[in-house]
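Each remark here refers to the structure printed beneath this line.
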Amino acid sequence: QAATGPAGHGSRRLYLCGQPDPYRWRLIMILFSSLALLAGILVSLSRQINGRLAVSTSPLRASLWNHVVGLAVLTFMGLVLGGMLPPADAGIPWWAWLGGPLGVVFVASGSWLIARIGAANTALLVIAGQMVTGVLLDLITGAPGPLGGRVLGVGLILIGMALTRR
């Protein structure tokens, strides 16, 4: 069941019907955490593969082929699964379509950086950027949860990056 997030922000948050029992909630969090960990592994592998392609070609060519192959896979999935096009009356704001161009910059810059500063430093800097932006977005949208823990997490990532530079 979806419910509207904090008043005035229009954000959507997923809430399970009622309060689940603690055992079920732990299982759900283990599943979600495992999926996030898998996504992180896949991002690292993707960056490394695109970095290798960028060394052989160029960062822009690596980004192009990353997106061409991704589009082919998504097109196939869309044909098989259906439902990939939004309804005409979806009311999607114009800025919601900016993920694609931002993704191009992310892939091209990651492909370029991996060959120059290494996979670990690239990953740490990308994660630090995501964490800082995530904390700022949580502040703007009024997301629930302790701010101190988020700031501490960002600080630990930055310390980790500094330690790898020594």
Pairs under 3.5 angstrom only: tabulate donor-acceptor contacts from the side chains of residues 47-58 to other protein residues two or more places apart or in another chain.
from: Asn50; atom 1: ND2; to: Ser46; atom 2: O; distance (Å): 3.3
from: Arg52; atom 1: NH1; to: Ser56; atom 2: OG; distance (Å): 2.6
from: Ser56; atom 1: OG; to: Arg52; atom 2: O; distance (Å): 3.4
from: Thr57; atom 1: OG1; to: Leu53; atom 2: O; distance (Å): 2.7
from: Ser58; atom 1: OG; to: Arg61; atom 2: N; distance (Å): 3.1

Side-chain heavy atoms nearer than 4.5 Å, only ILVMFWY residues, links allowed to pass through others: does that put [X] and [Y] together?
X      : Y      : value
Leu113 : Val107 : no
Val105 : Leu102 : no
Val43  : Met131 : no
Ile127 : Val135 : yes

Requested in this report: Can you sort out the partners of Ser34 under side chain to side chain donor-acceptor pair (under 3.5 Å), two or more places apart, ordered by chain and number?
Outcome: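 Ser34: no side chain to side chain donor-acceptor pair (under 3.5 Å) contacts found.
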
I need the [X] [atom1] to [Y] [atom2] distance, nearest 0.5 Å.
X      : Y      : atom1 : atom2 : result
Leu37  : Ile41  : CG    : CD1   : 4.5 Å
Thr141 : Leu136 : OG1   : CG    : 10.5 Å
Ser33  : Leu38  : OG    : CG    : 12.5 Å
Asn121 : Arg116 : CG    : CZ    : 14.5 Å
Leu35  : Ile30  : CG    : CD1   : 12.0 Å
Phe76  : Leu81  : CZ    : CG    : 8.5 Å

Kindly indicate whether the side chain of Leu125, heavy atoms from C-beta on, has any atom under 4.5 Å from the side chain of Ile117.
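Leu125 vs Ile117: side chains touch.
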
message = Contact between Ile159 and Leu163 at the side-chain level, heavy atoms closer than 4.5 Å - yes or no?
response =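 Touching, per the 4.5 Å side-chain cut-off.
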
Problem - Audit row: Leu31, Leu27, side-chain contact (heavy atoms from CB on, under 4.5 Å) steps and yes/no - result: CA-CA 6 Å; Leu31 173 66; Leu27 288 177; over 6 Å; no

Quiz item: In a check of side-chain contact (heavy atoms from CB on, under 4.5 Å) between Val68 and each of Leu71, Asn66, Leu64, which one passes?
Solution: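 Per the side-chain contact (heavy atoms from CB on, under 4.5 Å) rule, the option paired with Val68 is Leu64, out of Leu71, Asn66, Leu64.
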
Would you find a donor on one side and an acceptor on the other, under 3.5 Å apart, between the side chain of Ser63 and the backbone of Pro59?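 Looks like no, no N/O pair under 3.5 Å.
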
Side-chain donor/acceptor pairs under 3.5 Å, residues 143-153, sequence neighbours excluded:
from: Arg150; atom 1: NE; to: Asp138; atom 2: OD2; distance (Å): 3.3
from: Arg150; atom 1: NH2; to: Pro144; atom 2: O; distance (Å): 2.6

